[in-house]
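Encoded as structure tokens, the structure appears first; notes follow it.
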Amino acid sequence: MLVVMHSHATPQQIEQVVAAIRRMGLTPHPLPGPTRTAIGITGNISVIDPRTLEVLPGVLELIRVTKPYKLASREMHEADTYVRLPYTTIGPGTFTIIAGPCAVENEEMILRTAEFLRQQGVNLMRGGAFKPRSSPYTFQGLGQAGLDILARARQRTGIGIVTELMDTENADAVQSVADIIQIGTRNMQNFSLLRRVSHSSKPVLLKRGMAATLEEWLMAAEYVMAGGNYNVVLCERGVRTFSDHSRNTLDLSVIPPAKHLSHLPILVDPSHGTGKRDYVPAMALAALAAGADGLLIEIHPDPDHALSDGAQSLNFESFRCLLSALHRLAEPLGKTIN
Ligand code: PEP
Ligand code: MN
């Protein structure tokens, strides 16, 4: 349910509606717009008698939101969401590059990568300290020591940090270092984890579950937003299909419907989407052409000796070439790389 206020509604009238919604045991979400404020309502809205809100001063109309996801939908929030960070802004009109290694391996490689990215004008670096690995016998990440390395890299270079949170146990540690908290494909429907980050002040990068429909993905975003964290960035990383020529099937065709149904920004991860470094540049350029708002991409100073995902990681030179091709393509598309 969405309460649309008159363009001349006063702050007191908005507050009155918010209070009335709370008295019904529901959660109000004020959504200020350029001309008027709307107030989203989440919770069990079947208990609402719409007339009790319709008659309040300053209320223009009540709109029923038909989609099961509410706050994530364009029905409730028509304008595009921009996720604003100290270093950059993610949203339409820009194309945000988040690059870095799959995992934090040691301080030297992280510092080298951070310095290289800053020279290239990239403002956000990825790197997992906690790694979800298919095998318990492979490198599992450096954990807290990895987070400390990321924190020092930010301090030294000013680069923003994107790193994965795997469990509620490490939420405080990860959110104290991360500028964006990454939720991985395997955790897209880990509802206790989603609820935990819904109370975080840090934006959430929500990867698509490897077998998730668009609706399930948006419902996962809804969990984060329902708790009050509206800064959600979607990330398509490929889904499981019968195809075996690539690690996953990168579903670029999800971008237009995601943009149609939701106001949230969407990034593409061509590294996990293809699994092979030779295929990454083509899919990165295709993501830009398809309307994505940026990339999450794996790079490594020495991919052949990486502790994880080296096969899909670009070296610095290949990344530099890709970046220049992205700049050339972004211009006619009216997008600025940031
Ligand atoms: C990652 O980005 O490092 C990662 C593990 O990705 P995904 O969750 O998409 O597999
Ligand atoms: Mn990886």
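Quick caveat: nothing in here was measured; it's all calculated off a predicted structure.
For E61, the CD atom is densely surrounded, since the number of other residues' heavy atoms within 6.0 Å is greater than 12.
Side-chain contact between F95 and T336 is absent, with no heavy atoms from C-beta onward closer than 4.5 Å. F319 is not listed as a side-chain neighbour of N315, based on a closest heavy-atom distance of 4.5 Å or more.
A salt bridge between R118 and E115 is absent, with no side-chain N of the basic residue lying under 4.0 Å from a carboxylate O of the acidic one.
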Under the side chain to side chain donor-acceptor pair (under 3.5 Å) criterion, do S192 and R196 qualify, and how do the steps go?
-> CA-CA 6 Å; S192 43; R196 181 67 179 76; over 6 Å; no

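Residues N338 and T96 bring a donor and an acceptor atom of their side chains to less than 3.5 Å of each other. Side chains of T66 and E75: a donor-acceptor N/O pair is present below 3.5 angstrom, by distance only.
A distance below 6.0 Å separates the ring centres of H29 and Y230.
Judged as a side chain to side chain donor-acceptor pair (under 3.5 Å), and not counting sequence neighbours, S7 has no contacts.
To the nearest 0.5 Å, atoms CD1 (I297) and CZ (R126) are separated by 10.5 Å. Going from atom CD of Q175 over to atom CG of L147 covers 11.5 Å, rounded to the nearest 0.5 Å.
Hydrophobic clustering (ILVMFWY, side-chain heavy atoms < 4.5 Å, transitive): I98 and L252 are in distinct clusters.
The backbone N or O of C102 lies less than 3.5 Å from a partner atom in the side chain of K131, making a donor-acceptor pair.
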